[in-house]
Amino acid sequence: MTGGDEVSRALDGWVARVSAALGLEPGSVDAALVLDLTRDVAHGVARPAAPLTAFLVGLAAGRAGGSGPDVHAAVETVLSLLPGPDGGTDTGTGNAARA
């Protein structure tokens, strides 16, 4: 087993525990989407902006209804604010949020 497998298992377990504690449906969190978002914000703005942005995205998505599409819409809104090679709408990462 590689270190990456251990991290992945720990992350999956943590997300499952937190989701259950918060009354969220199992599997309702797109962890890759959130991790990609926070990576892009950390690199495009500043590291401390990443967790704050994730919180704001969750808050906005919850207020919009809390569905997966609500989360994706909030992520897309944030990503459109990041500086990128095209002058502000593409960070060039090709992450899942843009799929």
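All residue numbers in this chain count up from 1 along the given sequence.
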Residues passing the side chain to side chain contact (heavy atoms under 4.5 Å, CB included) test with L56, sequence neighbours excluded, are none
Show every side chain to side chain donor-acceptor pair (under 3.5 Å) that has at least one partner inside residues 41-54, sequence neighbours left out. none
Going by atom type alone, with no hydrogens or angles, which donor-acceptor pairs under 3.5 Å involve a side-chain atom of residues 10-19 and a protein atom two or more places apart or on another chain?
residue, atom, partner, partner atom, Å
S19, OG, V15, O, 2.8

Residues in side chain to side chain donor-acceptor pair (under 3.5 Å) contact with S67, at least two apart in sequence or another chain: D70
Short side-chain to backbone donor-acceptor contact, S8 and G4, under 3.5 Å: no
Are the side chains of V71 and D30 in touch, meaning some heavy atoms are under 4.5 Å apart? no
Is it true that V75 and V34 fall in one hydrophobic cluster, defined by side-chain heavy atoms closer than 4.5 Å? no
With sequence neighbours excluded, residues passing side chain to side chain contact (heavy atoms under 4.5 Å, CB included) with A31: none
Count I, L, V, M, F, W, Y as connected when their side-chain heavy atoms are under 4.5 Å apart, and connections chain through other members. Are L79 and V45 then in the same cluster? yes
Kindly compute the distance separating CG (L35) from CG (D40), expressed to the nearest 0.5 Å. 11.0 Å
Considering only residues two or more places apart or on different chains, which pairs with a residue in residues 57-66 satisfy side chain to side chain donor-acceptor pair (under 3.5 Å)? none
